[in-house]
Amino acid sequence: MPFDLTKGAVFSSMSFIRISRVLTGLLMTVSPVAWADLPLNVEDLITDKGKVKLDLSLAYANMDRSGVSTGEPIIVQTGPTSFVTVPTLVGESIGNSDTLVATFGMRYGLTAKAEVYARTSSLSSSHRSSGVGGTTSSSEAGFADAWTGINYQFRKDDDGPAVLGFVEIALREKHRRDSASFKSVMLGVTTYKAIDPIVFSLTAAYRFNQTRRDGTRDYQPGNLLLLNPSVGFAVNDRVTLTTGVQWTRRQADRFDGERQGVDRTATDLLLGVGYGFAKGNTLNATLKVNASGRGGSELRANWLYTF
């Protein structure tokens, strides 16, 4: 447990409930996907040994683009540190897109400090654009990607901040023409400190992408660095509010070794709310708004069920 309730009157029972609620919502916003939407108990940061958890999420992204496009993909965030890539075309146009991504995940407790997890995502996307050649529209739907990984709790929140880490690898990723396996890896760490009724948290993650074949060309998606400080507040024993800032730096994609566009940084505002409506059931919603440009907005809902 991140909190030792045996230390005299350091935490009252009400304080414990409030801190538990904050962590539930906060870690949904700032930590790896396997930490997302935690149960209403600090003891459940790691899935209990031999237990299974179901993790379902639905993410919607809307984006406007104008000018000369280099084929830079649309990136949809499906979890705190998980992203789905939607390919786009090259050309000069004004465009608008809507993307819906559904993710199904499972978590299994290996030990008191470690759990393994897997998830798979599918998407439905529509694009509308206008340019010198007229107005066009297109749509696509189907499999997006599948990942597996492990989470580990290195330190509890007692004398110092808690520290949790994760590593995950892509089992399969769909690109424009082909798919690739075991070509992308993400590493990350989350640290948090609870001061009733507030929880301060920071997540750092890095996604490394190797070159893979896509049709007749060598394709390397840009590597991604993510930093996410956040604050959570327990309104009561059922509702948690969270807010944070997410900074990302994504390198340009490469085709046959040639860069497509430029490296890009982005700053996003995250607003979240968590609601525990029944034992073992948690709902979370997160709104992500680009604060440093015209990156569009995303809305994500997540349900975590323990059985």
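Here, residue 1 is the first one in the sequence, and each next residue gets the next number. Source: prediction; values computed, not measured.
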Write down the atom of [X], the atom of [Y], and the distance for their closest heavy-atom approach.
{"X": "Val245", "Y": "Asn228", "result": "O-ND2, 2.8 Å"}
{"X": "Ala266", "Y": "Ser292", "result": "CA-OG, 3.6 Å"}
{"X": "Phe166", "Y": "Ala205", "result": "CZ-CB, 4.3 Å"}
{"X": "Val167", "Y": "Tyr117", "result": "O-OH, 4.1 Å"}
{"X": "Glu258", "Y": "Gln260", "result": "O-NE2, 3.2 Å"}
{"X": "Ala61", "Y": "Glu298", "result": "CB-CG, 3.7 Å"}

How about [X] and [Y]: do any of their side-chain heavy atoms sit closer than 4.5 Å?
{"X": "Leu202", "Y": "Thr190", "value": "no"}
{"X": "Val189", "Y": "Thr191", "value": "no"}
{"X": "Val235", "Y": "Thr240", "value": "no"}
{"X": "Thr120", "Y": "Phe143", "value": "yes"}
{"X": "Leu164", "Y": "Phe154", "value": "no"}
{"X": "Thr286", "Y": "Val273", "value": "no"}
{"X": "Val199", "Y": "Asp157", "value": "no"}
{"X": "Val231", "Y": "Ile198", "value": "yes"}

Residues in side-chain contact (heavy atoms from CB on, under 4.5 Å) contact with [X], at least two apart in sequence or another chain:
{"X": "Thr111", "value": "Lys113, Ala114"}
{"X": "Ala118", "value": "Thr148"}
{"X": "Arg155", "value": "Asp158, Asp159, Val163"}
{"X": "Ser125", "value": "Val86, Thr99, Leu123, His127, Glu140"}

Pairwise distance CG(Asn284) to OG(Ser57) - rounded to 0.5 angstrom: 11.0 Å

Qualifying residues under ring-ring contact (aromatic ring centres under 6.0 Å, His included), relative to Tyr305, sequence neighbours excluded: Trp303, Phe307

Looking at residues at least two apart in the chain, or sitting in another chain, which of them share a side chain to side chain donor-acceptor pair (under 3.5 Å) with [X]?
{"X": "Ser179", "result": "none"}
{"X": "Arg212", "result": "Glu173, His175, Ser184"}
{"X": "Arg217", "result": "Asp256"}
{"X": "Thr211", "result": "none"}

Other residues, nucleotides, ligands: >12 heavy atoms within 6.0 Å of Lys49 NZ: no

Pair Asp98-Arg128, side chain to side chain contact (heavy atoms under 4.5 Å, CB included): steps then yes or no: CA-CA 9 Å; Asp98 295 286; Arg128 300 161 297 278; 2.5 Å; yes

Check against side chain to side chain contact (heavy atoms under 4.5 Å, CB included), Lys174 and Asp145: CA-CA 6 Å; Lys174 181 69 172 66; Asp145 61 17; over 6 Å; no

How about [X] and [Y]: does a side-chain donor come under 3.5 Å of a side-chain acceptor?
{"X": "Tyr152", "Y": "Glu115", "answer": "no"}
{"X": "Ser126", "Y": "Ser139", "answer": "no"}
{"X": "Gln251", "Y": "Asp263", "answer": "no"}

Side chain Asp253, main chain Gly222, donor-acceptor under 3.5 Å: yes

Any donor-acceptor N/O pair, Gln220 side chain to Asn209 backbone, under 3.5 Å: yes

From CA spacing to verdict: side chain to side chain contact (heavy atoms under 4.5 Å, CB included), Phe182, Ile169: CA-CA 6 Å; Phe182 307 109; Ile169 186 169; 3.8 Å; yes

ILVMFWY clustering at 4.5 Å (side-chain atoms), partners of Leu100: Leu58, Tyr60

For Trp247, the rest of its hydrophobic cluster, which grows through side-chain links under 4.5 angstrom: Tyr206, Phe208, Leu225, Leu227

Lys288 vs Arg300, side chain to side chain contact (heavy atoms under 4.5 Å, CB included): CA-CA, chis, key distance, verdict: CA-CA 8 Å; Lys288 172 184 171 184; Arg300 185 173 70 249; 5.7 Å; no

Salt bridge (Lys or Arg N to Asp or Glu O under 4.0 Å) contacts touching residues 218-231 (sequence neighbours left out): Arg213-Asp218

Val52-Leu54 co-clustered via ILVMFWY side chain contacts under 4.5 Å: yes

